[in-house]
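Contents: one structure, followed by commentary.
All values below come from the heavy atoms of this structure, side chains included, with hydrogens, waters and symmetry mates left out. All figures in this text were calculated on a predicted structure; none of them were measured in a lab.
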Amino acid sequence: MVARTRKQLRRHNIRAKKRLGQNFLLDKGILAQLAAAAELSLTDTVLEIGPGSGNLTVELARRAGAVIAVETDRDLEPVLAANLSEFDNIQVIWGDFLEQSLESLWQLAPTGLDGERKVVANLPYYITSPVLIKLLTAASHRPRLAVILVQLEVAERLVAEPGTKAYGSLSVLTQYFTCPELVLKVPPTAFFPRPKVWSAAIRLRFRDQPAVKVQDEEFFFKVVRAAFGHRRKTLLNSLHYDLGERIAKEDIATALSRASIDDKRRGETLNIEEFALLTTALTELLR
């Protein structure tokens, strides 16, 4: 597979584009493990973000009812055409995934497929956060499950627990909507060209309901971002720094007290339930 893909790229004078963060995954064993991690059935529809040379796409097509692959680099068209020619359950959509409507993409699935919607992606590192946020906040168009290959450091952030260095606002956002788990670590040698860092596959099982109940989701995430915005500050000062125009410092202190949270703690020590309690207390003071 490695030799074939490299030969195809050379034949069509295609080089990995740094501006697109392209690293083609060529390790057959890891490709199979990624596809298996998606727990696919022949009634499922898979949305693949960034098929690249199509090696992972093939593994998905063998296991799923339909694959909708979104690729931004039209230079890869001849390679994808060659590698995917034997399959009739793959649709390639040319364009930037971040500019696509999730609803419209899901509607491309053939009628009659009554399985689950799933996402599989080998993401360029630079678009990891916006892609995650798009999937997590897609309301009724969220997938049931997603397997996403990201930089190892980012994967560790998504599964991080309170009080750890990796724990941050993206951890809370991800754990609010999903149950994340790190399923596979991938060395640089699995890619062409080789990145400088390790990668990891994260499996996100989307919750039927968010992990905690909040009255105002937008305000909840504003509070979370404010709490992590100034890691060296106490929680009281960090919240006041970002929310001070709307809420007086003494009112923030009152809300922390009502939520039974010490105002000298730092944001990264709060678990998701405590963030929900704090948001509720702040919301009540704003009425």
Side-chain angles (χ1 to χ4, degrees), residues 16-17 20-27 30-40 44-64 66-73 76 80 83-84 90-102 104-106 108-109 116-138 141-159 170 173-174 177-178 180-186 190-192 195 197-206:
K17 297 179 176 64
L20 296 179
Q22 288 177 338
N23 298 96
F24 301 109
L25 182 61
L26 304 182
D27 187 295
I30 291 174
L31 289 165
Q33 289 181 70
L34 282 175
E39 301 172 354
L40 297 171
D44 290 341
T45 298
V46 182
L47 173 60
E48 185 187 11
I49 305 168
S53 58
N55 295 324
L56 179 56
T57 318
V58 168
E59 295 291 337
L60 300 174
R62 288 171 176 162
R63 294 168 168 82
V67 178
I68 301 161
V70 182
E71 176 57 58
T72 190
D73 186 3
L76 292 170
L80 283 174
N83 288 342
L84 308 182
I90 301 172
Q91 295 184 66
V92 178
I93 306 302
W94 298 101
D96 185 343
F97 169 74
L98 293 173
E99 297 177 359
Q100 304 290 319
S101 160
L102 266 179
S104 297
L105 289 173
W106 291 127
L108 295 174
E116 296 180 335
R117 294 173 173 178
K118 297 179 178 179
V119 169
V120 179
N122 171 22
L123 289 181
Y125 296 153
Y126 77 100
I127 64 166
T128 297
S129 291
V131 167
L132 276 171
I133 291 170
K134 178 168 183 164
L135 293 175
L136 293 171
T137 59
H141 306 302
R142 296 185 189 102
R144 186 63 179 172
L145 181 147
V147 175
I148 300 178
L149 191 60
V150 298
Q151 186 175 341
L152 177 58
E153 180 182 347
V154 174
E156 291 171 341
R157 287 171 57 195
L158 301 184
V159 300
L170 190 58
L173 175 67
T174 302
F177 288 113
T178 77
E181 54 182 323
L182 196 158
V183 295
L184 178 67
K185 293 183 180 180
V186 182
F191 298 90
F192 173 75
V197 296
W198 277 62
S199 301
I202 286 286
R203 180 164 52 208
L204 305 175
R205 298 186 188 276
F206 283 72

> If you look at every heavy atom in Ile68 and Ala109, which pair is closest and at what distance?
Replying inline: CD1-N, 3.9 Å
> Can you tell me how far the CG atom of Asp96 sits from the CD1 atom of Ile49, to the nearest 0.5 Å?
Replying inline: 10.5 Å
> Within the side chain of Arg142, is there an N or O that forms a donor-acceptor pair under 3.5 Å with the backbone of Leu136?
Replying inline: yes
> Which heavy atom of Leu182 sits nearest a heavy atom of Ala155, and at what distance?
Replying inline: CD1-CB, 4.2 Å
> Which pair of heavy atoms, one from Leu204 and one from Pro180, lies closest together, and at what distance?
Replying inline: CD2-CB, 3.6 Å
>> I'd like to check the salt bridge (charged side-chain N to carboxylate O under 4.0 Å, His left out) partners of Arg63; sequence neighbours left out, ordered by chain and number.
In response: Glu59
> So how far is it from Leu80 CG to Trp94 CH2, rounded to the nearest 0.5 Å?
Replying inline: 5.0 Å
> Once you round to the nearest 0.5 Å, how far does CG of Asp44 lie from CZ of Arg144?
Replying inline: 11.5 Å
> Roughly how far, to the nearest 0.5 Å, is CG of Leu31 from CG of Leu60?
Replying inline: 9.0 Å
>> Could you check whether any side-chain heavy atom of Leu135 comes within less than 4.5 Å of a side-chain heavy atom of Phe97, counting everything from C-beta outward?
In response: yes
> Is there a donor-acceptor pair closer than 3.5 Å between any side-chain N or O of Glu71 and the backbone N or O of Gly52?
Replying inline: yes
>> With side-chain hydrogen bond (donor to acceptor under 3.5 Å, both in side chains) as the rule and sequence neighbours excluded, what pairs involving residues 121-137 come up?
In response: Tyr125-Ser199
> Under 3.5 Å, side chain of Lys118 to main-chain N/O of Ala38, donor-acceptor pair present?
Replying inline: yes
> Considering all heavy atoms of both residues, which atom of Pro143 and which atom of Phe206 are nearest to each other, and what is their separation?
Replying inline: O-CG, 3.3 Å
> Looking at OG1 of Thr178 and CG of Leu132, how far apart are the two atoms once the value is rounded to the nearest 0.5 Å?
Replying inline: 9.0 Å
> What are the two closest non-hydrogen atoms of Leu149 and Ala201, and how far apart are they?
Replying inline: CD1-N, 3.7 Å
>> With a 3.5 Å distance limit and no angle check, can you tell me whether Trp198 reaches the backbone of Lys185 through a side-chain donor-acceptor pair?
In response: no
>> Salt bridge check, Arg205 against Glu181: does any charged N sit closer than 4.0 Å to a carboxylate O?
In response: yes
> Does Ser53 offer a backbone N or O that forms a donor-acceptor pair with the side chain of Asn83 under 3.5 Å?
Replying inline: yes
> Can you tell me how far CD1 of Ile202 sits from CG of Leu123, rounded to the nearest 0.5 angstrom?
Replying inline: 11.5 Å
> Which atoms form the tightest heavy-atom contact between Leu56 and Ala35, and what is the distance?
Replying inline: CD1-N, 4.4 Å
